[in-house]
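Data block below; observations after.
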Amino acid sequence: MAKVKATSNGHHMNGSAERKTGTETVKRALPAMLKGGVIMDVVNAEQAKIAEDAGACAVMALERVPSDIRKDGGVARMSDPQLIIEIIEAVSIPVMAKARIGHFVEAQILEELGVDCVDESEVLTMADEENHIDKNRFTIPFVCGARNLGEALRRISEGAAMIRTKGEAGTGDVVEAVRHARSIFGAIRRLQSLSKDERYSFAKEIGAPIDLVNEVADLGKLPVVNFAAGGIATPADAALMMQLGVDGVFVGSGIFKSSDPAKRAAAIVKATTYYNDAAVLAEVSRGLGDPMVGRSAKSLSESELLAVRGI
Amino acid sequence: MKKHLHIGILALQGDFAEHAQKLRDLGCEPVEIRRANQLESLDGLIIPGGESTTNAKLEAAASSFSSSATPEIPIFDAIKKKAQNGMPVWGTCMGSILLAKEIEGSAQGRIGLMDISVRRNAFGPQRASAEIPLEIPALGDKPFPGIFIRAPLFIKAGKKVEVLCTIDEGFVMAREGNLLATAFHPEITSDDRVHRLFLNMIGSGK
């Protein structure tokens, strides 16, 4: 094959001077490319490789998966940068990593390491109980959890380029993710039935900026990608969330706390693509071994709830 | 004429909904493609942005579902056959990787039709992703808003490949007969000129 010759006609404007990085468009576009996919929690390069081989569209680096954070207790922080570098080197898919709510220095470090997206996550211990990170100041996109439309729009106004349901991470119980997805989609449908002058009081009621409320009313959906997360443990859970209307799914403890992670991961990837095809769902759900043991979200005491962090 | 075109969008994983909206705005009827047996009636196919490794895993899986009424060939093989019989195919970003015969340093699954060599993630991680105004003579004088997201670059091209746009690092848009490749994402802009160019490729082949 021949080396490329520029076909440009003399004055050639496609240079680096015109280049704009970190714009809202560029930040929101990365999550858009992950739609219809599964993002898997991994704690090291070996797990990242298994996730990529199973068809994950991205991996999420964290210190401990949520079920271990629940079990071990203690302060949960950003992962060791060494582990994150090893994960970035091990895979070709995007690498996300978790920072504590409000911990903008952890986020700065993650951006410097070359992480593709930061999850400002309630799964880690909060670093600031009043303020989230000002995500508009970063070049890379952020994903944040939300339980309802007001929370989602507050995070978007802070610069989140992607929203996910909070669910209750580390439980293997999908009930809270369902609640949060239904809450967000239901509120959008109600908003669309309002007249324009009623939107102001709606905005006040949910604690969201009026310009974003107007944008959602016009679009009929969030202006950013919206994934499900928190408690998804089976292919059926993933397909359930997709049929409810989310754009893709995060799976945390559900994969690497099951008896056959590679097989379960591949099955959840297929279920997320063929979420409307019951024959495929029946087939991929067979013989996956034991799912994570889990515990019902209802059995958690108030101090064990993660979703109430950072609202 | 355009109303009667049936254009498929590979919908295994990625931003297929954005392409579908663009096509509807142009009066076409997009079809989301998840199985090889859906390809038969198509006039053209778009392969969207997404993750190429994920798509390669999924396309191989679909042919082995025992629930299939009839045995299916893998989707990539079916696309290759249709394209070799003249169906226009356009790949954006990931789609261009899957269309390329050569993926630098990788043996990953692909359709492997176009005589180009691509370098994945050529710009680096997401912080290097960028908006770059592009001069594309085939689209007229007005610059095209190029959006590059962990984008590939095309680093080599065969003799029959027509390079349509070049930036400092390499080339980012190319055509070879009925095949079109862009390293950037026209589907997430408000500019529909590349979609129109592709519709013209379909129209002229009929």
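Numbers restart at 1 for each chain; the letters A, B, ... are given by sequence-line order, proteins then strands. Keep in mind the model is a prediction, meaning the values are calculated, not measured.
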What part of [X] gets within 4.5 angstrom of chain A, counting heavy atoms only: side chain, backbone, both, or neither?
X: B:Ala11; result: backbone
X: B:Phe123; result: side chain
X: B:Glu32; result: neither
X: B:Arg120; result: side chain
X: B:Ile147; result: side chain
X: B:Ala128; result: backbone

Quick check on [X]: does its [atom1] atom have over 12 non-hydrogen neighbours (other residues, nucleotides or ligands) under 6.0 Å away?
X: A:Phe104; atom1: CZ; result: no
X: B:Arg24; atom1: CZ; result: yes
X: A:Asp218; atom1: CG; result: yes
X: A:Glu46; atom1: CD; result: no
X: A:Glu24; atom1: CD; result: no

Taking [options] one by one, which has the highest count of heavy-atom pairs under 4.5 Å against chain B?
options: A:Ala58, A:Gly22, A:Pro141, A:Cys117; answer: A:Pro141
options: A:Ile140, A:Ile93, A:Val269, A:Leu34; answer: A:Ile93
options: A:Cys57, A:Ala54, A:Gly248, A:Gly36; answer: A:Cys57

Can you name the nearest heavy-atom pair linking [X] to [Y], along with the distance?
X: B:Gln13; Y: A:Met33; value: NE2-O, 2.8 Å
X: B:Phe65; Y: A:Glu283; value: CA-OE2, 3.4 Å
X: A:Gly114; Y: B:Pro125; value: O-CB, 3.3 Å
X: A:Ala29; Y: B:Ile188; value: CB-CD1, 3.5 Å

Task: Within 45° cone and under 6.0 Å: A:Arg19 NZ/CZ vs B:Phe148 ring - done: no
Open item on the list: Need one label for A:Thr139: side chain, backbone, both or neither, based on atoms under 4.5 Å from any heavy atom in chain B.
Closed with: side chain
- [ ] Please state whether the side chain, the backbone, both or neither of A:Val284 comes within less than 4.5 Å of a heavy atom of chain B.
- [x] side chain
Task: A:Asp277 with B:Arg35: basic N within carboxylate O range, under 4.0 Å - done: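 Counted as a salt bridge, because a side-chain N and a carboxylate O are separated by less than 4.0 Å.
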Just verifying a value: how many Å separate [X] [atom1] and [Y] [atom2], rounded to the nearest 0.5 Å?
X: A:Glu52; Y: B:Thr54; atom1: CD; atom2: OG1; result: 8.0 Å
X: A:Thr273; Y: B:Asn55; atom1: OG1; atom2: CG; result: 7.5 Å
X: A:Arg28; Y: B:Ile149; atom1: CZ; atom2: CD1; result: 13.0 Å

Open item on the list: Using only atom types and a distance under 3.5 Å, with no angle test, would you say the side chain of B:Arg150 pairs donor to acceptor with the backbone of A:Leu30?
Closed with: no
- [ ] Look at the side chain of B:Glu51 and the backbone N and O of A:Gly55, then say whether any donor-acceptor pair between them is shorter than 3.5 Å.
- [x] no
Task: pair B:Arg127-A:Thr21: side-chain heavy atoms closer than 4.5 Å - done: no
